[in-house]
Asker: 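Encoded as structure tokens, here's the structure I'll be asking about.
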2 protein chains.
Amino acid sequence: MQLNRIVNFHKTIGDKTRIQIIALLKDGPLHGQAIAGKLGLTPPTISYHITKLRENDIIFQRRDKNTIYFHLNEKKLELMAQAILMIGGEKELDPFKVDDVEKYKVIQNFLDADGKLKTIPAQRKKKLIILEHLVKGLEKGRTYSEIEINEHIKQFHEDYATIRREFIICQFMFRQNGEYELNPKEMWLI
Amino acid sequence: MQLNRIVNFHKTIGDKTRIQIIALLKDGPLHGQAIAGKLGLTPPTISYHITKLRENDIIFQRRDKNTIYFHLNEKKLELMAQAILMIGGEKELDPFKVDDVEKYKVIQNFLDADGKLKTIPAQRKKKLIILEHLVKGLEKGRTYSEIEINEHIKQFHEDYATIRREFIICQFMFRQNGEYELNPKEMWLI
DNA sequence: CATCTAATTAGATTATAATCTAATTAGATA
DNA sequence: TATCTAATTAGATTATAATCTAATTAGATG
């Protein structure tokens, strides 16, 4: 139900602590203790809020040794900014529409604890969810060389060539004279 | 504090009942009992939610005899949709920036119980708040004849000519060969 | 494998928020 | 002015949510 998605998103960002976390992450990723320190709250409290933000796909995370860095998913904010205007006009047109809980489950299933991709999903819908996850962190409107894309993908999977091809086939990215760029239209699964 | 404004806005629309009210009002104004009926809730509950929506300038109201019709302030939704993206980048640049509580007070002071304008404020800031209030209900992107604008203003005040002129001077509207149109940029007081 | 660091979960407490019924207010009209 | 209609306020109840301390888990590293 589209309505619940919108309600949950706004309930999530309708909290001072969580807006502060978003504001902090605007300037780049941070780990939990850093956030707790800056906001004068305890790590469990931050965990609590981070969980809500993550469940709503507003942040994602990358581990570096013992430390988990939280990143803002700016794309989601842009997307939901638009969604306010569509309240009441929901049509549920796209069969590939999927909610955040479902996305979350698929991501859990296909990534191991390191955030490495175990296998590439065969089912189209699941594959789209995973590809969407893998382009998080790439900037919209910026061009990348093939080498940069390969490096980015290698964080998740050895077989960068296949995944790079999937990015193009599924239109998450465009290639133009050897340069890669994110598809600015990012409504794939919403 | 800009942060609180954003938090309150999202807290307000982060509620299923209130999103449903917004969705209903997308199709045109309704009175309290009608909303209560459609949502299966009691009038006091609707009053409670309406108060929150009104405090955040998401709806406004017009009385017709005994019945108060609630209207959606679509401009506010568009405005706040943009605001999500500016979290963390607040500068507080404009001295005419003003919060919803302040607006609300000014509107209370200058309008009588019927919603009629008692006097036109002399102070610029207050005048802007009132003019902004008076253009609520006009559609963006649509053109109006002078007669239509006059009629619209007469709902609030006899001296439509002065107010019509203020709309132009303060750039709430543009005039082009006898037709009037709302200024699509509507960030006046935010 | 013992230990360190960072994050999360469990459980309790406190603070907010949503909803109802009953009482009250405000305006319209016979 | 008496009465009707619609909306709001008061007060109580119940449900959610935010935060803490203490305990636990997961990885990294000597």
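Residue numbers start from 1 in every chain, and the chains themselves are labelled A, B, ... in the order their sequence lines are given, proteins ahead of strands.
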Asker: Identify which nucleotide among dA28(D), dA28(C), dT8(C) has an atom closest to any side-chain atom of K65(A), counting heavy atoms from C-beta outward.
Answerer: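 So the nucleotide nearest the side chain must be dA28(D).
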Asker: Determine the sole option in I21(A), T12(A), L39(A), I59(A) for which the side-chain contact (heavy atoms from CB on, under 4.5 Å) test with H49(A) is passed.
Answerer: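 Going through the options one by one, the only one that passes is I21(A).
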Asker: Pick the nucleotide of DNA chain D nearest each of G14(A) and Y69(B); which residue has the one closer to the 5' end?
Answerer: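 It is Y69(B), whose closest nucleotide lies nearer the 5' terminus.
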Asker: Over how many whole Å does the gap from R62(B) atom CZ to dG27(C) atom C1' extend?
Answerer: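 These atoms are roughly 18 Å apart.
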Asker: Does dA6(D) have its OP1 or OP2 closer than 4.0 Å to a side-chain nitrogen or oxygen of R63(B)?
Answerer: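 Answer is no, no contact under 4.0 Å.
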Asker: Can F9(B) be reached from Y48(B) by stepping across I, L, V, M, F, W or Y side chains whose heavy atoms are under 4.5 Å apart?
Answerer: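 The answer is no; the residues belong to distinct hydrophobic clusters.
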Asker: Is any side-chain N or O of H49(A) closer than 4.0 Å to OP1 or OP2 of dA17(D)?
Answerer: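 No, no such contact exists.
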Asker: If the cut-off is 4.0 Å, is Q33(B) near the phosphate of dA7(D), judged by side-chain N/O to OP1 or OP2?
Answerer: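 Yes, because at least one side-chain N or O of Q33(B) sits under 4.0 Å from OP1 or OP2 of dA7(D).
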Asker: Within the 4.0 Å heavy-atom criterion, would you say T17(A) contacts the bases, only the backbone, or no part of the nucleic acid?
Answerer: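 Touches sugar-phosphate only.
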Asker: Could you please name the option among dA22(C), dT8(C), dA18(C) that lies closest to any side-chain atom of P44(A)?
Answerer: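 Given the options dA22(C), dT8(C), dA18(C), the side chain of P44(A) is closest to dT8(C).
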Asker: For I46(B) and dT8(D), give me the distance from atom CD1 to atom P, rounded to whole Å.
Answerer: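 Distance, rounded to whole Å: 11 Å.
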Asker: How many whole angstroms separate atom CD1 of I35(B) from atom C1' of dA6(D)?
Answerer: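 Going from CD1 in I35(B) over to C1' in dA6(D) covers 13 Å.
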Asker: Roughly how many Å is it from CG in D15(A) to P in dA18(D), rounded to a whole number?
Answerer: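 That distance rounds to 5 Å.
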Asker: Can you list every stem that DNA chain D is part of, counting only runs of 3 or more consecutive Watson-Crick or G-U wobble pairs with both distances under 3.5 Å?
Answerer: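 Stems for DNA chain D, defined as runs of 3 or more consecutive pairs: C:1-30 with D:1-30.
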Asker: CD of E55(B) versus P of dT9(D): gap in Å, rounded?
Answerer: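 Atom-to-atom, E55(B) to dT9(D), this comes out as 10 Å.
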Asker: Hey, which of these two, Y48(B) or L41(A), hits DNA chain D nearer its 5' end, going by closest nucleotide?
Answerer: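 Looking at the nearest nucleotide for each, Y48(B) comes out on the 5' side.
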Asker: Using the side-chain heavy atoms of K11(B), tell me which of these nucleotides is nearest: dT9(C), dA17(C), dT19(C).
Answerer: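 The closest nucleotide is dA17(C).
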Asker: Measure across T42(A) and A36(A) and return the closest heavy-atom pair with its distance rounded to 0.1 Å.
Answerer: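 In terms of heavy atoms, the two residues are closest at C-CB, 4.1 Å.
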Asker: Would you call E151(A) and K154(A) a salt bridge, using N to O less than 4.0 angstrom?
Answerer: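 Yes.
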Asker: Could you state the atom-to-atom distance from CD1 of I50(B) to P of dA7(D) in whole Å?
Answerer: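 Value for this atom pair: 9 Å.
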Asker: Can you measure R54(A) atom CZ to dA7(C) atom P for me and round it to whole angstrom units?
Answerer: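 To the nearest whole Å, that distance equals 11 Å.
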Asker: Would you kindly give the CG-to-P distance between N66(B) and dT25(C), to the nearest whole Å?
Answerer: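 It is 17 Å, rounded to the nearest whole Å.
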Asker: Specify the closest pair of heavy atoms between K11(B) and G14(A), including all atoms of both residues, with the distance to one decimal.
Answerer: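 That would be NZ-O, 3.4 Å.
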Asker: Does K52(A) have a side-chain nitrogen or oxygen under 4.0 Å from the phosphate oxygens OP1 or OP2 of dA18(D)?
Answerer: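 Yes.
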Asker: Please determine if a side-chain N or O atom of R18(B) lies less than 4.0 Å away from the OP1 or OP2 oxygen of dT19(C).
Answerer: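 No, outside the criterion.
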Asker: Counting only N and O atoms by type, is there a donor-acceptor contact under 3.5 Å from the side chain of N56(B) to the main-chain atoms of I58(B)?
Answerer: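 Looks like no, no N/O pair under 3.5 Å.
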Asker: Regarding D159(B) and T162(B), do their side chains bring together a donor and an acceptor under 3.5 Å, going by distance alone?
Answerer: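 Their side chains do contain a donor-acceptor pair, which is all the 3.5 Å distance test asks for.
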Asker: When you check the phosphate oxygens OP1 and OP2 of dT21(C), does a side-chain N or O of T42(B) lie under 4.0 Å from one of them?
Answerer: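 No.
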Asker: For T45(B) and dT19(C), is the shortest distance between a side-chain N/O and OP1 or OP2 below 4.0 Å?
Answerer: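 Negative; the distance criterion is not met.
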Asker: For a quick test of reading the model, state the closest non-hydrogen atom pair linking V135(A) to H152(A) and the distance between them.
Answerer: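 Heavy-atom minimum between the residues: CA-NE2, 4.5 Å.
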